[in-house]
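All remarks here apply to the structure that follows.
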Amino acid sequence: MENEEEQPVVATHQTMETDVEKLAKVEEKRDVVTDNHICDEEFAWEEYLEEIQAEAAPPSAFPHVEKSLESGIEENQLIEVVHYTDGDQPSGYWVAKIITVCGPLLRLRYLFPVAINVETWVEVSSGCLHPLGWGSQHSVPLSIPPEVPKELQNESFLTNAKKIAEDAEAQNHSVPEEAFDGNGYTAVDRIRLGMKVEVLYDDKPFCGWVATVLDNVGGRLHLQFDTPDCSGETFWLFYLSHRLRPIDWIYQKGSPWKYKNPTLSTFYEEAEWSALLEMSRDDARHSSLPKSLLSTSLEPDTHSFKVGMLLEAVHPFKPFSIELGIITKVTDDKYFEITMQPLNGESVSWLTSSNDPLILPTGFCKEHGLKLAPPNDWNENRDFNAEDYAKYLNLSIADSGLFREHNACGVKAFEVDHRLECVHPINTDQICFASVIKICGHLLVLKLDSESDFLPIFRSAMSQDIFPMGWCHANNYSLQLPIHFCEKVKSVESSMPVEDPQEQSRESPATIGALSLSGSQLSMWCPRLYINYCCHTGPYLSKSKVAKQSQSVGPGSVELVLREVLAMTINAAYIPTRALRELERSVKENPNIPPSWHPLVFKAKFRRYNATATIPIATIASDISDFLNLICHVLQCCPNLWSTTSTGENCPFLCNGSQICMQANPASYFRGRGRIAHCRGARGGLIYRRKRGGRKRLYVPIRTNRLLQPKSLV
């Protein structure tokens, strides 16, 4: 296709959109709202697992996710450390070994004779670290670093040290060059929107096409095939997928690999596809996906399968069914074709290799107690059996010795009833809350908890479509919540009484806040609570301390969230021990504390003094507003200081600004004969400044929130 005539290039370029326009079309596709997102922002999976008494699969069971968080810098790799004397020009470099990797910090040990041990800590982004070979390419000499004492730098030491460094450079166990380009620390950070990559087709691994990265969600790439009208198929692949290849990989490999344009409903001439391919490959030379990030295990293992062998396999388009397949074609010693003839449906054929974890030896289902779907030519009136079917058609059986050994799920720490996140098999834009219901060798039988009537699906333990709990939240992606959780929330919402809008509009701000707290929450669930630091903080709390703290807490369990709220409030006091004593005293004197409140021990420290107090905490959502109102009343601060909404300076109680103080006669502001100078400030307000010789005034403002009566707990 490279030798096609270039005459239609101009017409193709006119109909083709730029990558910027293509990315703009799909920019809003990421946040998809569905019925199960009614409480996605309020959902905390840790609390949900604690409520249903389940455990999450350990993060170590997902090696592709852990690798995506790595920087490509590993221990025992070699690196060149450049040192400078005067100015910005390097005076020399030396080879060092990486001893410890602590995020962006590296602990290095210079390569010297055994008797000398010189170590240093260097940041990756410092600019003095380079891969092996950088010094020779830039004509920088090999010289002893300044950290080595000059007393040791004799002639024999220099000779031995340089020999050790040169031998280490010959090993070429170097850090990848992309780790120092400044485009990101982890592998995920280095993949950007608009980058190009070649993608092999799933059913035709010898054919592929150029695709563009539309989105990068924690290493899971949203890709689109390049087409003249930008209407190419969009799909998701993890960046470590074996289907991804660097740009020009197909061109360099040659036959049998070839470029094959994706099928479209719109017809285009072959010359247009050729021109598009050349333009995509040319653009990719400036914005291609880094080669070092792609999977290194590109070539599959050799196999010994023969035509006519019978095996079992997970249906390629129906991952909830395992059916029989027959090898109908052997392409070479690495690839072969499997054909399925389902009982209900059309026959399916695809090209695969022995590395595919979803092809199974005959008898796998019988060994693990799984149901094997019969083919369409099975007419017997008894239970289907693969061995009987092979004898019926005189086919040879593919035993377990022909298949690659995959890691068992037990080794990867998967257990039954573990929870994880899984890509929906039909709508791949969705990631669902899933549970492990059975383990069969290297296969996981997963139930999508976000679907009420969906059959269990089969996934390999090494699948790149499963993720640990919290992965979606960490990457700001929507998670399909468990259907039982959503139904429970809906039932609670439907059971709440509907208030008359006119009556509700006449309610006080405190009543409205109380209704908003408990209106759509579970009995043990607390929404996100915001601290409105612009509100009046009273005589106990420091406004600066309040503003420096986290501006929100939750969502989560009522007891856990309110415990954190009270701890933050005590720590924000001028004297934390005094605030703790006031809270304890008011609770003991209040006979209307509900019995459902759970007493917890709180500690406070001020200078050399320590205080301990037991304060009851609300445990159900209906008591949240009562608890917050009690805290604010005791500490004499605005009742809106803690709220479910962030009000900023627009407090419903009008506690901030000029309405905080009820100004009295200026003569009551001071004692004695000192005079007060009235100056007009930059913002127009009056500034009271004591003149020389006058006494300090005593200013006692009257706070409006002291006039607010505490909410009754009865």
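- Pairing each heavy atom of Glu55 with each of Leu49, the nearest pair is C-CD1, 4.2 Å.
- By the 4.0 Å N-to-carboxylate-O rule, Arg419 lies close enough to Asp449 to be salt-bridged with it.
- Checked by atom type and distance alone, the side chain of Gln549 pairs as donor or acceptor with a backbone atom of Met568 at under 3.5 Å.
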>> Does Phe433 form a ring-ring contact (aromatic ring centres under 6.0 Å, His included) with Tyr48? I'd like the steps, not just the answer.
In response: CA-CA 11 Å; Phe433 195 99; Tyr48 177 74; 5.5 Å; yes

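- Residues Cys422 and Ile457 form a side-chain contact, since some pair of their non-hydrogen atoms from C-beta on lies under 4.5 Å apart.
- In this structure, the side chain of Lys543 engages the main chain of Cys535 through a donor-acceptor pair within 3.5 Å.
- Between the side chains of Thr569 and Trp642, at least one donor N or O lies within less than 3.5 Å of an accepting N or O.
- For Gln53, the CD atom is loosely surrounded, since the number of other residues' heavy atoms within 6.0 Å does not exceed 12.
- Taking both residues in full, the closest heavy atoms of Phe320 and Pro456 are given as CB-O, 3.1 Å, listed atom of the first, atom of the second, then distance.
- With Glu582 contributing its side chain and Val634 its backbone, the two residues share no donor-acceptor pair below 3.5 Å.
- Side chain of Lys447 to main chain of Leu455: no donor-acceptor pair is present (N/O by atom type, distance under 3.5 Å, no hydrogens or angles).
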>> If you apply the rule side-chain contact (heavy atoms from CB on, under 4.5 Å), what do you find for Phe602 with Thr612, and how did you get there?
In response: CA-CA 6 Å; Phe602 289 87; Thr612 304; over 6 Å; no

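- Leu444 is listed as a side-chain neighbour of Ile466, based on a closest heavy-atom distance under 4.5 Å.
- A heavy-atom distance below 4.5 Å is found between the side chains of Pro594 and Asp623.
- Around the NZ atom of Lys67, the shell of radius 6.0 Å holds no more than 12 heavy atoms that belong to other residues, nucleotides or ligands.
- Arg107 pairs by the salt bridge (Lys or Arg N to Asp or Glu O under 4.0 Å) definition with Glu119, not counting sequence neighbours.
- In this structure a side-chain-to-backbone donor-acceptor pair under 3.5 Å is present from Asn571 to Ala567.
- Defined by atom type and a distance below 3.5 Å, a donor-acceptor pair is missing between the side-chain atoms of Thr645 and Thr647.
- Remark: the backbone N or O of Arg459 is not paired with any side-chain donor or acceptor of Ser463 at under 3.5 angstrom.
- When side chains are defined from C-beta on, Pro599 does not count as touching Ile615, because their heavy atoms never get closer than 4.5 Å.
- Counting heavy atoms from C-beta outward, Ser643 and Leu529 have side chains that stay 4.5 Å or more apart.
- In this structure a side-chain-to-backbone donor-acceptor pair under 3.5 Å is present from Thr619 to Ser596.
- Side chains of Phe627 and Leu566 form a contact here, defined as non-hydrogen atoms less than 4.5 Å apart.
- Using a 4.0 Å cut-off between charged side-chain N and carboxylate O, Lys588 and Glu584 make a salt bridge.
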>> With salt bridge (Lys or Arg N to Asp or Glu O under 4.0 Å) as the criterion, how do Glu589 and Arg585 come out once you've worked through the C-alpha distance, each side chain's angles and the decisive distance to 0.1 Å?
In response: CA-CA 6 Å; Glu589 295 176 356; Arg585 180 189 57 79; 3.1 Å; yes

>> Please evaluate residues Gln480 and His424 with respect to the criterion side-chain contact (heavy atoms from CB on, under 4.5 Å), reporting the C-alpha separation (whole Å), side-chain torsions for both, the decisive distance (0.1 Å), and the verdict.
In response: CA-CA 9 Å; Gln480 301 294 308; His424 196 285; over 6 Å; no

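- The line from CG of Asn640 to OH of Tyr530 is 13.0 Å long, rounded to the nearest 0.5 Å.
- For the pair Val217/Asn476, no side-chain contact is recorded, criterion being any heavy-atom separation below 4.5 Å from C-beta on.
- From Lys438, atom NZ reaches atom CG of Leu446 across 13.5 Å, with rounding to the nearest 0.5 Å.
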>> Determine whether Ile593 and Leu630 satisfy the following criterion, side-chain contact (heavy atoms from CB on, under 4.5 Å), listing intermediate values before the conclusion.
In response: CA-CA 10 Å; Ile593 298 295; Leu630 176 64; 4.2 Å; yes

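- Separation of the Tyr239 and His64 ring centroids does not fall under the 6.0 Å cut-off.
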> His442 and Met462: side-chain contact (heavy atoms from CB on, under 4.5 Å), yes or no, with the steps?
Replying inline: CA-CA 8 Å; His442 67 282; Met462 301 295 295; over 6 Å; no

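- For the residue pair Glu421 and Pro468, the shortest heavy atom distance occurs at CD-O, 3.6 Å.
- Annotation: Tyr609, atom OH; neighbour count of heavy atoms from other residues, nucleotides and ligands within 6.0 Å does not exceed 12.
- Ring-plane geometry between Phe238 and Phe467 is classed as tilted, the angle between the planes lying from 30 to 60 degrees on a 0 to 90 degree scale.
- Listed here is the closest heavy atom pair of Pro425 and Leu448: CD-CD1, 3.8 Å.
- The backbone N or O of Tyr477 lies less than 3.5 Å from no partner atom in the side chain of Asn475, so there is not a single donor-acceptor pair.
- Few gaps surround CD on Glu123; more than 12 heavy atoms of other groups in view lie less than 6.0 Å from it.
- Here the straight-line distance linking atom SG of Cys432 with atom CG of Leu481 works out to 10.0 Å at 0.5 Å rounding.
- Between Leu221 and Ile191, the closest side-chain pair of non-hydrogen atoms falls below 4.5 Å.
- Under the rule for a salt bridge (Lys or Arg N to Asp or Glu O under 4.0 Å), Glu47 has no partner lying at least two apart in sequence or in another chain.
- Remark: Arg578 engages no residue in a salt bridge (Lys or Arg N to Asp or Glu O under 4.0 Å) (not counting sequence neighbours).
- To the nearest 0.5 Å, the span separating CZ on Arg220 from CG on Asp215 amounts to 10.0 Å.
- Distance check: Cys638 SG to His536 NE2 gives 8.5 Å after rounding to the nearest 0.5 Å.
- The line from CZ of Phe458 to CG of Leu443 is 7.5 Å long, rounded to the nearest 0.5 Å.
- Closest approach of Gly218 to Ser68, counting heavy atoms only: O-OG, 4.1 Å.
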